[in-house]
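See structure below.
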Amino acid sequence: MHDFAYLRPRDAAEAVALHARHRPGARYFAGGTTLFDLMKLGVESPTTVIDVTRIEGMHSIDASRRDELHIGALAVMSDVAEHATVQREFPALAESLWKAASQQLRNMATVGGNLLQRTRCAYFRGAPEFACNKRVPGSGCAALEGQNRGHAVLGGSEACVAIYPGDMAIALAAFDAMVDTVSPRGERAVPVRELHRAPASTPHLETVLADDELIVRIRVPRGPVGRASTYHKIRDRESYAFALASAAVAVHLQGHRVVDARIALGGVATRPWRAIEAERSLVGLPLTRAAARRAAELAFQGARPLAHNAFKVALGIETVTDALMLAKERS
Ligand SMILES: Cc1cc2nc3c(=O)[nH]c(=O)nc-3n(C[C@H](O)[C@H](O)[C@H](O)COP(=O)(O)OP(=O)(O)OC[C@H]3O[C@@H](n4cnc5c(N)ncnc54)[C@H](O)[C@@H]3O)c2cc1C
């Protein structure tokens, strides 16, 4: 057991001030379902845990604005999944949440923490004898030549092929959502699509956020493209498992033709992955299964499979194709 200080700020300004004072060993704690897990595994050893759960104004879901849905970073996954506006206007977002983890976890885990969950790569979470550039920069990557069935076919590097495991960020990336943050340097807004970094040569740097930056809310633009959407998640078992391949897909049709399409991939890439070229290929066309399949193939054009995960390319193409057909049924 490593000793750590436990602090409970009353508001966001106090939280970021405390974090800045206790750097570099400070960590925010929300639901704790990632942080405590990693502390028990010895992957994280914070010297100060800053419990942000009592901060007021960060738990609510606000659907009163015409242009955006606001979701407080401390809203728990189950509340967001069950919210009437989320279910009606952003079915892919609701599905990405209720297809994640278990009911107990969803009742505890917050959406802010969900965005920042860390990879499930067994070498990252495993014993220190396994090389992992994310855990110990410069130590190597055991997954490249090891058990890599669950790893990325998109966005990997010579230093890391671990996937980003979350579901919700995939749906948020498809909807062009933003996160609002606060830090001692002020407030800023970051597109979810740009929140997570590709591993390149620095896989230990996972997001563009500074370690003391607190996510206060998520903003999701409202519009015609959200309603005809779905989150299609394929996994080894039907419940309580991470994605082998997933797709958050949204379409806006006028008549039979596509005027806007969104395709984001999960379970196959090192970060939430928007397939922009695939989306563009659909615009102006009737949404047939053949057009959907062509788009899905484009989404995986740059895939670089490893020894044990080539199946993810074929699986991913089927997943995106089926997701587009499911979204079409909702238009
Ligand atoms: C057994 C199991 C199965 C799971 N299955 C799935 C699944 O299928 N799909 C899926 O998507 N997820 C899954 N998860 C992950 C789960 O959804 C995340 O652990 C959870 O959402 C994290 O939220 P939290 O509030 O518990 O975060 P915490 O553990 O409290 O925090 C996580 C990280 O985020 C930081 N943090 C938290 N809140 C903020 C904030 N507001 N601003 C800045 N930093 C912050 C913390 O410092 C920490 O680094 C699973 C988890 C477990 C344990």
Side-chain angles (χ1 to χ4, degrees), residues 4 6-7 9 11-12 15-16 18-19 22-41 43-55 57-59 71-81 93 95-120 125 150 163-173 179-183 187-188 190 195-196 204 206-218 231 233-246 248 266-267 272:
F4 57 87
Y6 173 77
L7 306 174
D11 55 36
V16 298
L18 284 173
H19 201 301
H22 293 273
R23 284 173 97 173
R27 292 284 181 281
Y28 295 124
F29 149 74
T33 63
T34 285
L35 184 66
F36 289 168
D37 198 18
L38 293 175
M39 285 167 72
K40 283 187 270 180
L41 292 169
V43 175
E44 295 259 16
S45 307
T47 52
T48 305
V49 170
I50 301 173
D51 178 347
V52 296
T53 54
R54 306 289 169 95
I55 295 178
M58 275 174 59
H59 298 77
I71 305 172
L74 293 173
V76 295
M77 292 168 69
S78 51
D79 284 350
V80 181
L93 178 56
E95 287 167 358
S96 73
L97 287 159
W98 69 254
K99 290 183 181 180
S102 65
Q103 189 64 40
Q104 288 94 330
L105 283 158
R106 294 191 292 268
N107 289 342
M108 193 75 201
T110 66
V111 291
N114 186 290
L115 282 172
L116 301 184
Q117 64 180 285
R118 304 190 69 190
T119 186
R120 311 300 289 193
R125 293 167 60 85
I163 60 162
Y164 172 77
D167 295 301
M168 181 189 68
I170 312 303
L172 291 176
V179 290
D180 290 339
T181 71
V182 61
S183 77
E187 297 173 11
R188 67 168 175 152
V190 180
L195 180 64
H196 298 90
H204 59 292
E206 294 176 346
T207 73
V208 298
L209 301 186
D211 60 356
D212 60 355
E213 213 165 340
L214 182 71
I215 299 176
V216 290
R217 79 180 66 77
I218 298 168
Y231 184 72
K233 178 175 178 181
I234 308 298
R235 39 194 158 166
D236 279 325
R237 58 177 182 228
E238 191 47 36
S239 167
Y240 200 25
F242 287 90
L244 281 174
S246 71

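We count ligands from 1, going down the list as the structure has it; atoms in each ligand are counted the same way. Residues: numbered from 1 along the sequence shown.
Protein heavy atom closest to atom 32 (C) of ligand 1, with residue, atom name and distance, is Thr34 CB, 3.7 Å. Of the protein's heavy atoms, Leu116 CD1, 4.0 Å lies nearest to atom 35 (C) of ligand 1. With hydrogens left out, the protein atom closest to atom 7 (C) of ligand 1 is Ala101 N, 3.2 Å, a heavy atom. Nearest to atom 14 (N) of ligand 1 among the protein's heavy atoms is Phe242 CZ, 3.6 Å. Looking at atom 28 (P) of ligand 1, its nearest protein heavy atom turns out to be Gly32 N, 3.4 Å. Among protein heavy atoms, the minimum distance from atom 1 (C) of ligand 1 is reached at Tyr240 OH, 3.3 Å. Regarding atom 41 (N) of ligand 1, its nearest protein heavy-atom neighbour is Ile215 O, 3.0 Å. Taking atom 24 (P) of ligand 1 as the reference point, the nearest protein heavy-atom neighbour is Gly31 N, 3.5 Å.
The shortest heavy-atom distance from Ser102 to ligand 1 is not under 4.0 Å. Residue contacts with ligand 1 do not include Phe36, since none of its heavy atoms lies under 4.0 Å from the ligand. Heavy atoms of Val52 stay at 4.0 angstrom or farther from ligand 1. Not a single heavy atom of Arg106 lies less than 4.0 angstrom from ligand 1. Within the structure, ligand 1 has Lys233 among the residues with a heavy atom less than 4.0 angstrom away.
Annotation: Ala73 places no N or O atom under 3.5 Å from an N or O atom of ligand 1; distance criterion only. Checked against a 3.5 angstrom limit, the closest N/O atoms of Lys99 and ligand 1 fall outside it. Checked against a 3.5 angstrom limit, the closest N/O atoms of Gln117 and ligand 1 fall inside it. The shortest N or O to N or O distance between Ala30 and ligand 1 is under 3.5 Å. On a distance-only criterion, Leu105 and ligand 1 share no N/O pair closer than 3.5 Å. Checked by distance only, ligand 1 and Arg27 stay at 3.5 Å or farther apart across all their nitrogen or oxygen atoms. For ligand 1, the polar-atom distance check against Glu44 finds no nitrogen or oxygen pair separated by under 3.5 Å.
Here the shortest heavy-atom pairing between Ile55 and Pro9 reads CG1-O, 4.0 Å. Residues Phe4 and Pro46 share a closest heavy-atom pair of CB-O, 3.3 Å. Closest of all the heavy-atom pairs between Lys99 and Arg235 is O-NH1, 2.9 Å. The minimum heavy-atom distance linking Thr53 with Ala30 is given by the pair CG2-O, 3.0 Å.
Close approach of ligand 1 to Glu213 is summarised as follows: ligand atoms under 4.0 Å from at least one heavy atom of the residue are 43 (C). With ligand atoms numbered from 1 in the order given, ligand 1 contributes 11 (O) to contacts under 4.0 Å with heavy atoms of Gly166. Each of the atoms 17 (O), 21 (O) of ligand 1 lies under 4.0 Å from some heavy atom of Met77. Counting the atoms of ligand 1 from 1 in the order shown, those under 4.0 Å from a heavy atom of Leu35 are 29 (O). Near Ala241, meaning under 4.0 Å from one of its heavy atoms, ligand 1 places the atoms 8 (O).
For the pair His22 (side chain) and Val49 (backbone), a donor-acceptor distance under 3.5 Å is absent. When atom types are taken as modelled, the side chain of Tyr28 and the backbone of Asp211 share no donor-acceptor pair closer than 3.5 angstrom. Judged by distance alone, the side chain of His19 and the main-chain N or O of Ala26 form a donor-acceptor pair under 3.5 Å.
Here atom 47 (O) of ligand 1 lies nearest to Tyr28 when heavy atoms of Phe29, Tyr164, Tyr28 are compared. When Ala75, Ala15, Gly113, Ser96 are ranked by how near their heavy atoms come to atom 31 (O) of ligand 1, first place goes to Gly113.
Within the model, atoms OG1 of Thr110 and CD1 of Ile215 stand 8.5 Å from one another, a figure rounded to the nearest 0.5 Å. Taken to the nearest 0.5 Å, the CG atom of Leu74 stands 4.0 Å off from the CE atom of Met58. Separating the CG atom in Leu35 from the CD atom in Glu44 is a distance of 6.0 Å, to the nearest 0.5 Å. Asp37 contributes atom CG, which lies 9.0 Å from atom CG of Leu105 (distance to the nearest 0.5 angstrom). Between Thr34 atom OG1 and Asn114 atom CG the span is 7.5 Å, to the nearest 0.5 Å.
The 12-atom threshold is exceeded at CZ of Arg23, counting heavy atoms of other residues, nucleotides or ligands nearer than 6.0 Å. Heavy atoms of other residues, nucleotides or ligands lying less than 6.0 angstrom from CD of Gln103 number more than 12.
Residues Asn107 and Ser78 have side chains that bring a donor and an acceptor to within less than 3.5 angstrom of each other.
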| request: Show the numbers, then the answer: is there a salt bridge (charged side-chain N to carboxylate O under 4.0 Å, His left out) between Glu95 and Lys233? | output: CA-CA 9 Å; Glu95 287 167 358; Lys233 178 175 178 181; over 6 Å; no
